[in-house]
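To start, the structure under review is shown below, and the notes come after it.
We count ligands from 1, going down the list as the structure has it; atoms in each ligand are counted the same way.
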Amino acid sequence: MMLGAAPLLAISVNAVLAIAATTARGSQASCAHFSPRDIPGVSLTAATYFPANARVDITNIFSSINASDLPAFCRVELVVVTNATAGSFANTEVWLPDDWNGRIVTIGNGGFGGGVTVSDLGGIAVPQGFAGVSTNTGHNSTAVDGSWAGPHNDNAIVDWGWRAVHLSVLAGKAITEQYYRQAIHRSYYIGCSTGGRQGLKEIQMFPESFDGIVIGSPANWMTHLQPWSIHMNLNVLPPTSSHFMTQNMWVNVIGPEVMRQCDTLDGLKDGIINDPRACSFRPETLTCRPGQNTSTCLTADQISALHRIYADYYEADQTYIFGGYYPGGEDAFPEGLVGSPPFALPADWFRFFLLNDTQWTMEDYNATDIVLGDEINPGQSNAIDPNLTAFAAAPHNGKVLHYVGWADQLISPGNSLHYYETVHEFTLGNSTLDIDDFYRLFLVPGMNHWCVLPAHPWRGGNAANAFGGVSQPRPLSLDPQHNVLAAMVRWVEDGIAPSTITGVKYHGDNPASGVAFTRPLCKYPSTVRFKGGNPDSADSFDCA
Ligand SMILES: *[C@@H]1O[C@H](CO)[C@@H](O)[C@H](O)[C@H]1NC(C)=O
Ligand SMILES: *[C@@H]1O[C@H](CO)[C@@H](O)[C@H](O)[C@H]1NC(C)=O
Ligand SMILES: *[C@@H]1O[C@H](CO)[C@@H](O)[C@H](O)[C@H]1NC(C)=O
Ligand SMILES: *[C@@H]1O[C@H](CO)[C@@H](O)[C@H](O)[C@H]1NC(C)=O
Ligand SMILES: *[C@@H]1O[C@H](CO)[C@@H](O)[C@H](O)[C@H]1NC(C)=O
Ligand SMILES: *[C@@H]1O[C@H](CO)[C@@H](O)[C@H](O)[C@H]1NC(C)=O
Ligand SMILES: *[C@@H]1O[C@H](CO)[C@@H](O)[C@H](O)[C@H]1NC(C)=O
Ligand SMILES: *[C@@H]1O[C@H](CO)[C@@H](O)[C@H](O)[C@H]1NC(C)=O
């Protein structure tokens with residue numbers, strides 16, 4: 001393992017340690033006296049000790065936590081200089097549990113946010129014994145606000161694109177090794193949405209940073225995702241147009257018809273479409289009859305809009321831009337996305353990252369913007385390099401575990417399939433590696449964009465949506481079968497690759513309310529299949 005930012009550390013960073021009782025510990029005293037030295041561009045602003053079960057009540061503009069069930073840890077707050085000339089910096093935190101497992105995990109962000117992900121430092125890293133690292137990516141903002149990027153705030157855009165995460169990984173490693181006075185055994189990453197993009201970006205640029213990354217629904221193709229989002233909005237907006245569909249129609253008219261046509265194809269009527277590629281949804285069945293109440297049926301314009309929405313997006317010259325919606329999840333349809341008001345984030349990207357035109361509105365969108373976006377690639381934030389050889393090949397042997405909901409309407413799951421397939425093709429054509437040895441993709445039937453924003457409808461969907469990913473309800477168990485981070489650790493450290501993960505759905509998505517059902521998540525390209533038996537039990541399914 002290489003530690004680029006910590007050349008002055010006295011300890012050997014090459015040592016691979018046995019993780020046993022010898023693993024170093026933290027304590028109240030080590031936290032109180034912690035004084036890191038010789039880490040260029042990194043300064044400590046606070047080190048705060050939280051005893052076991054202390055109240056941890058921390059809020060920033062992007063993320064918050066309010067828990068009293070964490071093990072003891074030391075919260076280290078850092079300023080990480082990202083460009084000394086410009087005076088730009090990121091705020092980064094490293095949470096260091098007393099009972100350290102010898103590993104480090106970096107946690108990603110979401111959207112344009114804009115704050116240390118304290119929810120998952122406390123929800124994932126510390127309870128599982130990892131030293132946890134997370135950064136505000138160089139600015140403070142909510143997930144949907146991109147106004148900080150303009151006008152021409154180049155350093156902030158690059159920091160968000162990749163630089164703040166990278167420098168924070170280096171700082172986090174150096175801090176962790178100084179704190180415990182011991183080399184880190186292994187380095188991991190977990191994130192979803194923008195967090196998925198950040199993990200991919202880091203392994204594409206700096207293959208040594210992580211031994212394994214867990215990524216959910218990555219926003220890794222920014223220059224196509226943002227045009228696609230505008231395209232989807234224009235397909236249905238404005239609300240006064242003949243092709244607009246209200247949330248009531250999505251939930252009560254279109255959603256039930258999708259289920260009627262698609263749900264039972266997999267042998268089980270359960271409101272979950274196991275493989276939406278198997279269903280070609282025909283909205284024509286909802287065509288309005290003369291005199292029918294138009295809130296309960298579709299006009300010809302609405303039907304054409306639906307055909308555009310459920311199709312992949314191609315430009316006029318047949319250039320592939322992005323995947324479409326897949327049938328399923330309409331009952332949790334986010335009015336803010338293809339609705340009124342439109343989802344704000346994409347327009348901010350055009351205004352503040354790409355065009356530098358604060359007056360721009362989505363009606364100004366045209367296909368030239370896609371070409372311009374690919375040329376400029378603001379902040380170099382695209383993470384679409386299909387060549388993962390340096391990360392995946394020996395001696396590094398890095399691993400990628402990727403998941404996405406089939407009912408993700410914020411970032412089409414088609415994007416995940418597309419990236420996986422480009423890596424697959426590249427790997428076949430240009431290396432002796434087998435993608436299955438380093439990159440596995442899991443599709444989650446029925447799950448929406450369950451990534452970052454608590455209590456948001458994008459997190460909806462009737463799905464086994466808890467399996468240890470960021471901002472999910474806690475998994476049924478922390479073991480590798482139920483918890484993606486543990487599955488990754490076992491893959492990296494014991495060579496046992498995950499072939500299925502068992503997800504759980506809680507009643508009301510609240511673990512305290514009990515288990516509704518469990519389901520296997522299957523490794524792409526296999527899909528989950530009902531064998532018979534109790535449909536609420538994962539044992540009644542296999543992957544085929
Ligand atoms: C955190 O939870 C405690 C206990 O329920 C409560 O007193 C406190 O107000 C909460 N903090 C916030 C910011 O909501
Ligand atoms: C740092 O910021 C300065 C001033 O904005 C800029 O000229 C320079 O290109 C930046 N350097 C890097 C490496 O981003
Ligand atoms: C972000 O917020 C922190 C904490 O309030 C502040 O110290 C820092 O200056 C802010 N960062 C930027 C880039 O404004
Ligand atoms: C908008 O500003 C950004 C940041 O300075 C720059 O990278 C980009 O090229 C500009 N866009 C155009 C269309 O000039
Ligand atoms: C049409 O259907 C909608 C939704 O079911 C209902 O709210 C509305 O009252 C109906 N309008 C008429 C004229 O029946
Ligand atoms: C397309 O949009 C860009 C940016 O808004 C604008 O500069 C350009 O003139 C538009 N092109 C056409 C053909 O409308
Ligand atoms: C893929 O990346 C590796 C490592 O960076 C490089 O050596 C190799 O040339 C690349 N392969 C191709 C076909 O570009
Ligand atoms: C192999 O690598 C070259 C150079 O990067 C690239 O142009 C080509 O498309 C790759 N082959 C496949 C099958 O992806």
Side-chain angles (χ1 to χ4, degrees), residues 4-5 40-42 79-90 112 135 137-139 141 145-171 200-207 220-224 226-227 230 319-320 345-362 364-393 400 417-436 438-439 441:
V42 177
V79 169
V80 176
V81 173
T82 57
N83 181 337
T85 316
S88 61
F89 61 91
F112 293 139
T135 176
T137 75
H139 72 276
S141 79
D145 173 16
S147 60
W148 52 268
H152 299 289
N153 199 353
D154 293 43
N155 278 298
I157 297 175
V158 172
D159 283 346
W160 176 82
W162 61 270
R163 191 167 58 188
V165 166
H166 179 60
L167 296 175
S168 297
V169 169
L170 300 179
L200 285 173
K201 188 71 188 174
E202 186 70 10
I203 64 164
Q204 291 167 10
M205 287 181 81
F206 306 100
N220 62 314
W221 203 1
M222 288 301 289
T223 62
H224 283 216
Q226 303 311 336
I230 299 286
T319 307
Y320 175 81
L345 188 153
D348 267 13
W349 186 80
F350 280 92
R351 285 179 197 135
F352 301 111
F353 288 63
L354 183 63
L355 300 171
N356 309 309
D357 175 0
T358 54
Q359 303 305 308
W360 189 88
T361 67
M362 64 181 178
D364 300 324
Y365 171 75
N366 65 56
T368 347
D369 298 332
I370 307 176
V371 178
L372 186 66
D374 280 337
E375 273 166 25
I376 294 177
N377 186 15
Q380 308 303 302
S381 66
N382 273 355
I384 56 174
D385 189 344
N387 184 359
L388 300 185
T389 309
F391 174 73
V400 179
L417 302 179
H418 181 79
Y419 181 67
Y420 177 88
E421 288 300 354
T422 62
V423 176
H424 190 191
E425 196 182 319
F426 183 96
T427 304
L428 273 176
N430 282 313
S431 79
T432 55
L433 299 172
D434 178 349
I435 191 170
D436 201 48
F438 69 88
Y439 184 172
L441 170 63

Compute the minimum heavy-atom distance from N155 to ligand 2 and say whether it is under 4.0 Å. yes

Show your working on side-chain contact (heavy atoms from CB on, under 4.5 Å) between I376 and L354 and close with a plain yes or no. CA-CA 7 Å; I376 294 177; L354 183 63; 3.9 Å; yes

Are F352 and T358 close enough, and set up right, to give a side-chain contact (heavy atoms from CB on, under 4.5 Å), and what steps lead you there? CA-CA 7 Å; F352 301 111; T358 54; 3.6 Å; yes

Distance to 0.1 Å, residue and atom name: give those for the protein heavy atom nearest to atom 4 (C) of ligand 4. D154 OD1, 3.2 Å

Within a distance of under 4.0 Å, is there any protein heavy atom near atom 11 (N) of ligand 8? yes

What protein heavy atom sits nearest atom 5 (O) of ligand 8, and how far off is it? F426 CE1, 3.8 Å

Numbering as shown, the atoms of ligand 4 that approach H152 to under 4.0 Å (heavy-atom distance): 1 (C), 2 (O), 3 (C), 4 (C), 5 (O)

If you scan protein heavy atoms around atom 1 (C) of ligand 8, the nearest is N430 ND2, 1.4 Å

Quick one: does D374's side chain have a donor or acceptor within less than 3.5 Å of a partner on V371's backbone? no

Intermediate values then yes/no, ring-ring contact (aromatic ring centres under 6.0 Å, His included), Y419 and W221: CA-CA 9 Å; Y419 181 67; W221 203 1; 9.3 Å; no

Should the ring pair Y420 and Y439 be called parallel, tilted or perpendicular, given that the plane angle runs from 0 to 90° and is split at 30 and 60? perpendicular

Name the orientation class of the two ring planes belonging to W360 and Y365 (parallel below 30°, tilted from 30 to 60°, perpendicular beyond 60°). perpendicular

Mind checking whether W148 and F112 have parallel, tilted or perpendicular rings, split at 30° and 60°? perpendicular

Carefully, step by step, assess H224 and N382 under the rule side chain to side chain donor-acceptor pair (under 3.5 Å). CA-CA 9 Å; H224 283 216; N382 273 355; over 6 Å; no

Logged contact type for L354 with ligand 4, heavy-atom cut-off 4.0 Å, is backbone

For atom 9 (O) of ligand 2, grab the closest protein heavy atom and report residue, atom and distance to one decimal in Å. N83 ND2, 4.8 Å

Heavy-atom proximity to atom 14 (O) of ligand 4 ranks first, among N356, L355, L372, N153, for N356

Under 4.0 Å from atom 7 (O) of ligand 8, is there any protein heavy atom? no

The protein heavy atom nearest to atom 13 (C) of ligand 2 is R163 NH1, 4.0 Å

If we only count N/O pairs under 3.5 Å, is T85 in contact with ligand 2? no

